[in-house]
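Worksheet: the structure to be examined is printed underneath.
Just so you know, these numbers use all the heavy atoms, side chains as well, and skip hydrogens, waters and symmetry mates. Just so we're on the same page: letters track the sequence lines, and every chain starts at 1.
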2 protein chains.
Amino acid sequence: MSIQARRERERAERERAIISTARDLAESEGWDAVTTRRLAAEIEYSQPVLYSHFKGKDAIMAAVAVEGFGNLADDLTTARADATDPRRTVADVAAAYVSFAERRPALYDAMFTLAVELPFASQEVPVDLARGFAQLAEALRPFAGDDDLETFTETFWSGLHGLVTLMRNGRLRRAGHERRLALLVDRFARLG
Amino acid sequence: MSIQARRERERAERERAIISTARDLAESEGWDAVTTRRLAAEIEYSQPVLYSHFKGKDAIMAAVAVEGFGNLADDLTTARADATDPRRTVADVAAAYVSFAERRPALYDAMFTLAVELPFASQEVPVDLARGFAQLAEALRPFAGDDDLETFTETFWSGLHGLVTLMRNGRLRRAGHERRLALLVDRFARLG
DNA sequence: CCGCCATCCTAGCACCGCTAGCCATCTTGC
DNA sequence: GCAAGATGGCTAGCGGTGCTAGGATGGCGG
């Protein structure tokens, strides 16, 4: 029994290694550098081992994305916990969101741009995604007014996501970044 | 001289065929289906011909994107021309933007998600992109208030882009789509 | 101790973007 | 009118991709 336990433990460790290696590789050299051959070499196993853990490369990226949703939720939770004034809370949570996307662009891509379908089939992604979403929603609650809070939050979230993605693809002037964020926050964190 | 003119004309036609075939193929089967082999077969020439027109596949996608910026600018121009009431104008232009993104997702991707670098190196993209941007800006002008109009427009545009991309990737509930759009418009098309 | 079984690796498939080099055709200069 | 050169398109192939079939290997249970 103990032997089997060790095997399962080693296997779980290896799966963790695959995910974190894929993430590190993507963050340091971009997702183009994350090939199954490269990934296999990095974890010091052969290619087919990857396929005994994941259905394919997409599933690996999806696993990385899942981890990312947890990280993002943590960041947003911290940001909200530190804040006091309601309006300031929205600004801080929004800043944390943007900061996350800028500090970890490859991870953010895996979560929102690539791996379109996969993560939402599983059960656990909505959990961490909802956790992050809830932080945004709670920060925004005082300002939702007559609007449905969930709809309100989704719309604000879209604004953040749009700022982040257009900015990173060079569709927006780098200069006005802070001003745009402040403007967005101002439009949503006001009464009436 | 006439012979050379015919040659150049034929060559230009072929270049047009490459671009429009790539666009059609992407719109009907997705960008994954747009391979250089497939594209060459579709235009009934061999692969290397593509490379006598474009530097590589990315350049072809960029050319498709350029065309897309023109289409989008046309749509937004039409939407603004038809409108009367300032607030309604913003709503209509925004609706035209979202409609474009939903009707032509592959084209929209080429413009804003894929082909990150290329189109902005050339001269003509900013022209059509700026043309579309200007339509948004003019619609929003009455509501910018103390904010810089360009920054204001960029922020609203980001909101639209976020709505569209998150929606299409399944990160937002399909149900609340119209309400989110209306909410975004309401937050930006108000005085004070 | 031996046969079984799981595990992992080697080798290869079909496809990708891209390019070198040949071959035919068409133009040009004599 | 004809040879020589230039041009343009093609065939074939390179190195890479994600993924998989099938064989070797090493530890386990009887």
A:Arg88, CZ atom: more than 12 neighbouring heavy atoms under 6.0 Å: no
Please indicate whether B:Glu44 has more than 12 foreign heavy atoms, meaning atoms of other residues, nucleotides or ligands, lying under 6.0 Å from its CD.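 Count not over threshold, so no.
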Provide, to the nearest angstrom, the distance between the [atom1] atom belonging to [X] and the [atom2] atom belonging to [N].
| X | N | atom1 | atom2 | value |
| --- | --- | --- | --- | --- |
| B:Tyr45 | C:dA24 | OH | C1' | 15 Å |
| B:Trp31 | C:dC16 | CH2 | C1' | 16 Å |
| B:Ile18 | C:dC18 | CD1 | P | 13 Å |
| B:His53 | D:dC10 | NE2 | C1' | 14 Å |
| B:Leu25 | C:dC16 | CG | P | 11 Å |
| A:Glu15 | C:dT7 | CD | P | 14 Å |
| B:Phe54 | C:dG17 | CZ | P | 15 Å |

Can A:His177 and B:Glu154 be said to form a side chain to side chain donor-acceptor pair (under 3.5 Å), step by step? CA-CA 10 Å; A:His177 194 38; B:Glu154 286 177 334; over 6 Å; no
My understanding is that only one of B:Thr21, B:Leu107, B:Asp109, B:Val34 makes a side-chain contact (heavy atoms from CB on, under 4.5 Å) with B:Val64; could you say which?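 Among the candidates, only B:Leu107 passes.
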In terms of the angle between their ring planes, are A:Tyr97 and A:Tyr108 parallel, tilted or perpendicular, with boundaries placed at 30° and 60°? perpendicular
Tell me, for nucleotides 17-24 of chain D in 5' to 3' order, what letter each nucleotide earns: B for a base near a protein heavy atom under 4.0 Å, S for only sugar-phosphate near one, - for neither? BBBBB---
Could you please name the option among D:dT11, C:dC9, C:dC8 that lies closest to any side-chain atom of A:Arg14? C:dC8
Are any of the side-chain heavy atoms of B:Leu72 and B:Arg104 separated by less than 4.5 Å? no
